[in-house]
Amino acid sequence: MSHTLQSVRGMNDILPDEAEFWELFEDTVRTWLKGYGYRPIRMPIVEPTPLFKRAIGEVTDIVEKEMYSFEDSLNGEQLTLRPEGTAGCVRAVIQHGLANQIPRRLYYIGQMFRHERPQKGRYRQFHQVGVEAIGFAGPDIDAEMILMGARLWDDLGLDGIELQINSLGQPDERAQHRAALIAYLEHYREILDEDGKRRLYTNPLRILDTKNPALQEMCAGAPKLMDYLGEASLAHFEGVQRVLRDAGVPFTINPRLVRGLDYYNLTVFEWVTDKLGAQGTVCAGGRYDGLVQQLGGKATPACGFAMGVERLIALIRESGGEPAASAPEVYVVHQGAAASRLAFRVAEGLRDDGLDVLLHCGGGAFKSQMKKADASGAAFAVIIGDDEAATGEAQLKSLREEGVAQRKLKVDDLAEAIFDHLIDSDDEQEQG
RNA sequence: GCGGCAUUAGCUCAGUCGGUAGAGCACUGGAUUGUGAUUCCAGGUGUCACCGGUUCGAUCCCGGUAUGUCGCCCCA
């Protein structure tokens with residue numbers, strides 16, 4: 001195998017066995033989204049670089065070191081492969097005035113790009129299902145979005161995905177807390193480890209997440225964001241929790257849950273599993289009331305979340321999920337010039353009747369054609385040689401049933417005979 | 001971006017204390033005329049990831065690179 005041409009690091013081919021599994025997953029997801037009134041939207045994969053800088057935040061890891069940014073050599077535009085979907089979605093909503101229209105519950109499924117070091121569950125090209133609700137201010141939509149997650153895990157047959165929620169409050173509340181927290185941490189500057197010193201002014205909340213036992217006591221006494229939330233913020237958070245309790249969805253409040261993107265406020269949440277190693281978050285989101293205005297639209301509250309498709313698929317696999325084998329119903333075997341012409345007619349005719357048909361192409365002995373028919377997983381082989389071609393007939397052979405004799409039928413009678421067999425075997429399965 | 005471990009056939013993996021390599025599955029052809037999944041026989045199964053160094057000689061030892069993987073950082 002030549003190694004001069006291979007896929008870019010962290011960007012993977014999804015081969016047919018896997019891709020069929022993805023399609024099943026996407027079918028489930030689309031059905032689920034439709035059940036909540038969400039409508040699809042498809043944005044470009046490339047957006048102007050400033051969009052992401054403004055939406056995500058200049059000092060975030062994503063913008064500082066993970067974006068695939070480049071200059072369009074033809075016109076000098078600064079462009080970026082989207083590292084997440086919300087910014088582009090909000091841009092599209094503003095550009096087309098969707099906030100004033102009915103479809104304000106939107107979803108998309110597609111590739112995202114982040115230049116990180118790849119490992120299991122983290123890739124440079126990965127896929128997200130993004131769900132956005134534009135123009136909703138109350139805690140009801142936040143709660144509904146969380147409930148949606150619980151239902152999807154059920155639809156996918158997953159369990160053990162735990163819900164964590166938190167409230168970031170409003171930007172001014174968060175800023176006050178941040179200032180108090182930094183002031184508090186500065187008193188302990190000497191005992192901070194290297195990580196802590198580095199994060200003191202970039203991401204002080206993360207310091208409280210440290211696994212260093214020497215810092216635990218200091219962390220316990222740090223100012224808590226919840227104490228800085230105003231009445232309205234607390235009421236919003238309580239509103240979300242009330243719906244969750246009414247619906248019987250268990251959750252834990254994680255005061256250290258912060259999102260990596262600057263645009264979040266109030267409710268944030270994550271669905272987490274311990275079965276995927278270091279990449280345990282399969283779904284995360286929150287409220288972003290300021291983003292629409294920040295990107296040039298009129299002030300519009302909004303809320304959304306994204307799921308990592310690779311991670312969820314891995315989790316389904318971990319739970320024993322296997323794709324259903326994809327097989328045609330009929331494989332058409334033929335040999336000889338006249339038989340080949342009839343075979344095309346037969347195959348197209350059976351497809352007219354709604355059957356999935358694999359027509360053998362490429363010639364070869366009957367024997368090898370039969371091997372391929374078997375390997376295809378087809379329930380029936382239709383066999384056409386010169387004898388059959390001469391009389392407008394074909395042999396119908398069951399490949400999956402024992403003791404069923406091969407029959408010679410007029411080609412026009414094939415479909416009916418096949419359907420009879422398929423119905424019979426369905427009945428047997430139901431009775432069994 | 002940092003550290004640990006790994007890379008042998010299309011796939012899953014053996015192996016050589018340094019003397020240019022194996023198994024199973026899959027694949028191809030054959031076992032009297034035109035019939036699969038069971039059997040039998042024959043056969044590609046490969047720069048032993050790539051580049052360089054040590055050596056008479058490297059798939060094996062050493063260095064670098066690439067890719068994967070685990071953890072850190074961060075995130076879906």
Side-chain angles (χ1 to χ4, degrees), chain A residues 1-12 15 17 56 60-66 82-86 109-131 149 193-195 198-199 202-203 206 209-212 257-261 269-273 276-286 304-315 331 333-336 339 360 364-389 394-402 406 408:
Chain A
M1 181 170 60
S2 169
H3 288 266
T4 53
L5 284 177
Q6 54 182 320
S7 60
V8 174
R9 182 177 200 190
M11 303 197 186
N12 301 314
L15 303 179
D17 283 344
I56 298 169
T60 56
D61 275 19
I62 291 177
V63 169
E64 280 182 343
K65 48 192 187 192
E66 294 175 3
R82 62 184 186 192
E84 57 101 48
T86 301
I109 303 179
Q111 293 95 325
M112 306 295 161
F113 301 85
R114 292 183 199 173
H115 192 108
E116 299 183 275
R117 177 133 172 192
Q119 53 181 270
K120 185 180 173 187
R122 192 172 69 186
Y123 307 101
R124 291 184 174 177
Q125 174 182 268
F126 61 103
H127 296 73
Q128 285 186 338
V129 177
V131 183
D193 51 27
E194 198 177 321
D195 255 2
R198 182 174 53 77
R199 288 192 277 214
T202 61
N203 202 347
R206 280 280 178 203
D209 243 344
T210 183
K211 296 173 180 96
N212 186 343
L257 179 62
V258 287
R259 315 264 53 253
L261 295 73
F269 61 93
E270 275 189 23
W271 292 95
V272 182
T273 176
L276 294 179
Q279 276 65 238
T281 302
V282 294
C283 175
F305 65 96
M307 299 185 287
V309 176
E310 281 84 353
R311 290 180 186 182
L312 277 170
I313 299 249
L315 193 55
Y331 194 102
V333 166
H334 57 93
Q335 198 164 54
H360 181 85
F366 266 115
K367 187 183 183 67
S368 70
Q369 293 196 29
M370 287 302 293
K371 279 189 173 184
K372 292 197 164 93
D374 183 56
S376 77
F380 297 95
V382 166
I383 304 159
I384 306 172
D386 288 334
D387 296 349
E388 288 81 7
Q395 304 281 351
L396 176 64
K397 176 168 184 167
S398 171
L399 297 173
R400 307 295 150 202
E401 298 168 290
E402 294 293 333
Q406 178 173 320
K408 188 190 259 189

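A, B, ... follow the sequence lines: proteins, then strands. Residue 1 opens every chain. As the structure is a prediction and not an experimental result, all values here were calculated from the model.
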Looking only at heavy atoms, the pair that brings A:R311 and A:L276 closest together is O-CD1, 3.4 Å
Taking all atoms of both residues into account, what is the closest heavy-atom pair of A:L399 and A:F380, and its distance?
CD1-C, 4.0 Å
Need one value for A:G280: base, sugar-phosphate or nothing, where a base atom within 4.0 Å counts as base even if backbone is also close, heavy atoms only.
nothing
Could you tell me whether the side chain of A:M307 reaches within less than 4.5 Å of the side chain of A:W271, counting heavy atoms only?
no
When the C1' atoms of B:G57 and B:C13 are considered, how many whole Å apart are they?
28 Å
Rounded to the nearest Å, what distance is computed from the CZ atom of residue A:R124 to the P atom of nucleotide B:U69?
12 Å
Roughly how far apart, to the nearest Å, are B:G1 and B:G18 at atom P?
35 Å
Confirm from the modelled atom types if A:Q369 and B:U35 form a donor-acceptor pair under 3.5 Å, side chain to base only.
no
Between B:A76 atom C1' and A:I56 atom CD1, what is the distance in whole Å?
13 Å
Heavy atoms only, 4.0 Å cut-off, all strands: where does A:A284 land among base, sugar-phosphate and nothing?
sugar-phosphate
Could you work out which one of B:A76, B:G68, B:U69 sits closest to the side chain of A:K120?
B:U69
Taking the same atom, C1', in B:A14 and in B:A21, what whole-Å distance lies between them?
11 Å
Mind checking if A:Q406 touches a base, just sugar-phosphate, or nothing, with heavy atoms under 4.0 Å?
base
Tell me: NZ of A:K372 to P of B:U35, nearest whole Å?
16 Å
Just call it for A:G130: base, sugar-phosphate, or nothing, with non-hydrogen atoms closer than 4.0 Å on any strand.
nothing
Checking base pairs now: Watson-Crick or wobble, both atom distances under 3.5 Å. What partners B:G1?
B:C72
Check every strand shown and say whether A:K397 touches a base, only sugar-phosphate, or nothing at a heavy-atom separation below 4.0 Å.
base
Partner lookup for B:G52, please. Criteria are Watson-Crick or G-U wobble with both distances under 3.5 angstrom; report none if nothing qualifies.
B:C62
Rounded distance in Å between the P positions of B:U28 and B:U38:
13 Å
Using the C1' atom in both, what is the distance from B:G36 to B:A9, to the nearest Å?
27 Å
Tell me: CG of A:D61 to P of B:C2, nearest whole Å?
15 Å
Among residues 375-383 of chain A, which contact RNA chain B at a heavy-atom distance under 4.0 Å?
A:I383
Restricting to non-hydrogen atoms, name the atom on A:R122 and the atom on A:R117 that form the minimum distance, rounded to 0.1 Å.
NH2-O, 3.0 Å
Classify the ring geometry between A:Y331 and A:H360 as parallel (under 30°), tilted (30 to 60°) or perpendicular (over 60°).
tilted
What is the distance from CG of A:L396 to P of B:G36, rounded to the nearest Å?
17 Å
Measure from CG on A:L399 to P on B:A37 and round the result to the nearest Å.
11 Å
Any strand counts, and the cut-off is 3.5 Å on both contacts for Watson-Crick or G-U wobble. Which nucleotide pairs with B:U67?
B:A6
So which nucleotide does B:U35 pair with, by the Watson-Crick or G-U wobble rule with both distances under 3.5 Å?
none
Pairwise C1' distance for B:U55 and B:U20, with rounding to whole Å:
15 Å
State, with a plain yes or no, whether a side-chain heavy atom of A:V333 is found less than 4.5 Å away from one of A:K372.
no
Who pairs with B:G22 - Watson-Crick or G-U, where each distance is under 3.5 Å:
B:C13
Look only at the side chain of A:R114 and the backbone of A:P83, and say whether a donor-acceptor pair between them is shorter than 3.5 Å.
yes
Of B:A76, B:G36, B:U35, the nucleotide closest to the side chain of A:Q128 is B:A76
Output the rounded distance in Å from OH (A:Y331) to C1' (B:U35).
13 Å
From the candidates B:G36, B:A76, B:G71, the one with an atom nearest any side-chain atom of A:A278 is B:G71
Nearest whole angstrom, please: distance from the C1' of B:C75 to the CD of A:E116.
6 Å
If you measure from the P atom in B:G71 to the same atom in B:U47, how many Å do you get, rounded?
32 Å
Any donor-acceptor N/O pair, A:E388 side chain to A:A339 backbone, under 3.5 Å
no
Base, sugar-phosphate, or nothing for A:E270, non-hydrogen atoms under 4.0 angstrom?
nothing
Grab the two heavy atoms, one from A:C283 and one from A:F305, that are nearest each other, plus how far apart they are.
SG-CD1, 3.4 Å
Taking the minimum atom-to-atom distance to the side chain of A:R400, which one of B:G29, B:C74, B:G36 wins?
B:G36
Side chain of A:R117, base of B:C75: donor and acceptor closer than 3.5 Å?
no
Phosphate oxygens OP1/OP2 of B:U32: is one of them under 4.0 Å from a side-chain N or O of A:K367?
no
Given RNA chain B, 5'-ward residue of the pair A:G277 and A:M11, judged by closest heavy atom
A:M11
So A:K65 and A:H115, do their side chains get closer than 4.5 Å, heavy atoms only?
no
Classify the side chain of A:R114 versus the base of B:C74 as yes if they form a donor-acceptor pair under 3.5 Å and no if they do not.
no
State, without any angle test, whether A:E84 and A:Q128 hold a side-chain donor-acceptor pair at a distance under 3.5 Å.
no
Using atom C1' of each nucleotide, how far apart are B:A31 and B:U7 to the nearest Å?
41 Å
With the side chain defined as heavy atoms from C-beta on, A:R122 is closest, among B:G68, B:G36, B:C74, to B:C74
Which nucleotide sits closest to the side chain of A:Q395: B:A66, B:U35, B:C70?
B:U35
Sugar-phosphate only, base, or nothing, as touched by A:Q119 at under 4.0 Å among non-hydrogen atoms
base
Position toward the 5' end of RNA chain B (nearest nucleotide), A:E388 or A:T281:
A:E388
Under a 3.5 Å cut-off for both distances, is B:A42 Watson-Crick or wobble paired, and to whom?
B:U28
